[in-house]
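Step one of this worksheet: look at the structure below.
Chain letters run A, B, ... following the sequence lines, proteins first, then strands; residues in each count from 1.
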Number of protein chains: 2
Amino acid sequence: MVKEINTSIVMDTIIRYHSISRARISEITGLNKGTVSSLVSELIIQHLVFETGAGESSGGRKPVMLQFNGDAGYVIGIDLGVNYVLTILTNLQGMIICEHQEDIIGLNSQEIIPLLVRSIGIISSQAPSSPYGIVGIGIGVPGMVNAEGTVLFAPNLGWTHVDLRAAIQLNYSEMPIFVDNEANMGAIGEKQYGLGKEVANLIYISVGVGIGAGIILRNEVFRGTGGYSGETGHMTIDANGRLCRCGNRGCWELYASEQALTDMGKSIQLDGTIGTLESYVASAEKGQGSVIEAFEKIGHYLGIGVANIMNIFNPDLIIIGNRLAKAERWLSRPLQETVDQRALPIQRQSAAVQFSSLSSHSTALGASFMAVSAFLQKSTSRSL
Amino acid sequence: MVKEINTSIVMDTIIRYHSISRARISEITGLNKGTVSSLVSELIIQHLVFETGAGESSGGRKPVMLQFNGDAGYVIGIDLGVNYVLTILTNLQGMIICEHQEDIIGLNSQEIIPLLVRSIGIISSQAPSSPYGIVGIGIGVPGMVNAEGTVLFAPNLGWTHVDLRAAIQLNYSEMPIFVDNEANMGAIGEKQYGLGKEVANLIYISVGVGIGAGIILRNEVFRGTGGYSGETGHMTIDANGRLCRCGNRGCWELYASEQALTDMGKSIQLDGTIGTLESYVASAEKGQGSVIEAFEKIGHYLGIGVANIMNIFNPDLIIIGNRLAKAERWLSRPLQETVDQRALPIQRQSAAVQFSSLSSHSTALGASFMAVSAFLQKSTSRSL
DNA sequence: TTTACTTAGTTTAGCCACTGTACAAACTAA
DNA sequence: TTAGTTTGTACAGTGGCTAAACTAAGTAAA
């Protein structure tokens, strides 16, 4: 049991420092040199770590540098969006090997699940050969997911109670499969591979048709008691505001989501195109004032909710992700201004607000990391 | 290190089960009988555990029952309120031995600190003799406190940057002293000794002059990056609402706190008394409709914020505490109705909203528990 | 070169705290 | 009584750690 913990510590240290000697690991972790040596040799036998040759001497014998073998295996990450499926293959370090995207507009769950299985098949076949092969699959879904991987409610997909994990498991019986909310996966993605690498507390705000949040506190996802935390889109920001389909009034997502944009757009004369987010972005880029104003209004309302979240959580970082992050150019300034006006001074001084750095891959990368994490945990524990 | 962990596990098991045999501990924890025996004998030497005699046989030798020695030492818990100081002495099980209260209306920090020291002295002298004596002091403060025990900002006391821990430490140099926000302490109190014993995620909402929240997630207080989490009072619930002194508009505490009551009270004809919370409660008890209406309005607005918190955290339990809990009778129904209307169905099904069960002792008890917790941790670890 | 000094990594002996097994003590029930 | 249970202790064995010695491989200055 102690060995398990120490193996994890050594593994994490190697991954974090990218290239490191046994002696440095011993220094950093406080573990004895002998202990480190023996643990490392087991990791090498497991193909999880390899020696890259001699490093720079600092006045004595040259160290043998160690690296994490990111290509010991591969994982699949899936971002099941409202109208697309993005499937990626990454190695254990989150390097994207290949990706595959398909539209799912108008499809129901009976049609989407086979499509997911097909996508997994296509992507799997492109994995380079490796000691462990494909070691897991992660899936981010735009809805509430329970601990068993059942999608309880995904309004924008029209799903209720779809046992997604079991459905995929039918085709890949031995494969570890992780299903979670798209915002949680996005938060994990940003924490591991994006802007959140150095912070312990971050909130990833997924602004798409609605708004959801992935909450990472003390370096771990906080899912709440039933797994339904982060329903920030239905936070009241206007007590006497418009009625939301959830039954509440003045929900944040009525004022600051893609749906809000569409509502505003009805009164905007577009240059002939349909009112998709992409068309609005295109119009804004052409300088259409009414569209830019709409974005700025949404940025302002985003700021109100972001300030609330800052006041409640006192996080290191708030990241705006998902579809509306594409309009960063017009959202950013009004958002920041509103936060500066509305959040408590001590909060806005210590917390940063940024837009996703992984473009549209946050969720898929987070999903793939779930699988990586589980694989490494299993690998370092079973080396008994 | 393993021993430390196991000692803690044994200790926790004894505390939880109140009266238990070595054999049962071994069963429950999975530790070997011999291991449990040796750890228990050390705890007995330390006076932390004692044998209470034979228990009921279940067909064989009678077990020797063990109990946690709650009277191995005592701790002091202080609730520094806006206009009172409540000091309590408890044993290690949170049993209140004696208490002492003083008014501090109109006093500044230079006057309050000596008063705190005096109160500690008065209470200390009443502690029964015990193996360890007074083992720690906890203080809950109505303001932001950093990790060093400095009160950064306590608007209702008029304090900025008062190094409270250091000031008390001057008089009790070797004593462990814990200073934290009053809402965090209240949350801890409810978690340990009140309504939250069985739950992992609870939010304690302290409704006094303003509103603050103590957040317990996965059985631990979440304090945020700088220690400033839980500033829920400044959550916007009305985007275009009234201006708050914090600079924001439509802050929750403008509509749902003692301050809100006072504001409303200006237009209420009271029966000759001044507008304190107590006088409003008295009027409501006499059946004065306008006061009851005011309470109901506050209950409604409390519900809006509570629904927000439910949607964001998906907790097991939300507890309403501090001064306004005294008006439970009139707040409760409108609060629950609003939550039922506004929180997502799945949230309100799984989370309960209750009023504090420890009457006005939540904060002081939480403060005392901080000291208990630190003492037990130290005791079980230094038995090397 | 040679020599002295560093630093890296392995080996070995010893130790700590756990587990498993055996056993004594103390009880119940037939 | 006698057989069978349950509790708690004793003791040997083991896993995994640390400390220290040692080998290996370098640098720097005489």
Is the ring centre of F313(B) less than 6.0 Å from the ring centre of Y228(A)? no

For residues 21-35 of chain B, which residues have at least one heavy atom under 4.0 Å from DNA chain D? S21(B), R22(B), A23(B), K33(B)

Under 3.5 Å donor-acceptor, [X] side chain and [Y] backbone:
X	Y	answer
S38(A)	T35(A)	yes
N314(A)	G227(B)	yes
T225(A)	D316(B)	yes
N91(A)	D71(A)	no

Under 4.0 Å, heavy atoms only, any strand: does V36(B) hit a base, just the sugar-phosphate, or nothing?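 Nothing: the residue V36(B), judged by heavy atoms under 4.0 Å, touches no strand.
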
G77(B) and A367(B): which non-hydrogen atoms are nearest, and at how many Å?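 Looking at all heavy atoms of both residues, the shortest contact is CA-CB, 4.1 Å.
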
Minimum heavy-atom separation for A72(A) and L48(A), please, with both atom names. CB-CD2, 4.2 Å

Could you tell me how far apart [X] ([atom1]) and [N] ([atom2]) are, to the nearest whole angstrom?
X	N	atom1	atom2	answer
L43(B)	dG8(D)	CG	P	15 Å
L39(A)	dG15(D)	CG	P	15 Å
I44(B)	dG8(D)	CD1	P	10 Å
L66(A)	dA8(C)	CG	C1'	11 Å

Contacting residues from residues 55-63 of chain A, given that a heavy atom lies under 4.0 angstrom of DNA chain C: S58(A), G59(A), G60(A), R61(A), K62(A), P63(A)

T29(A) side chain reached by N6(A) side chain, heavy atoms, under 4.5 Å: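 No, every pair of side-chain atoms sits at 4.5 Å or beyond.
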
For dA30(C), the Watson-Crick or wobble partner whose two distances fall under 3.5 Å: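 Result: dT1(D).
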
Verify side-chain contact (heavy atoms from CB on, under 4.5 Å) between Q67(B) and E51(B), making sure each step is shown before the conclusion. CA-CA 6 Å; Q67(B) 276 189 21; E51(B) 301 184 334; over 6 Å; no

Given dC18(C), is OP1 or OP2 found less than 4.0 Å from the side-chain N or O atoms of N6(B)? yes

Please tell me which of the listed nucleotides, dG16(D), dT9(D), dG9(C), lies nearest to the side chain of K3(A)?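 Among dG16(D), dT9(D), dG9(C), the one nearest the side chain of K3(A) is dG16(D).
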
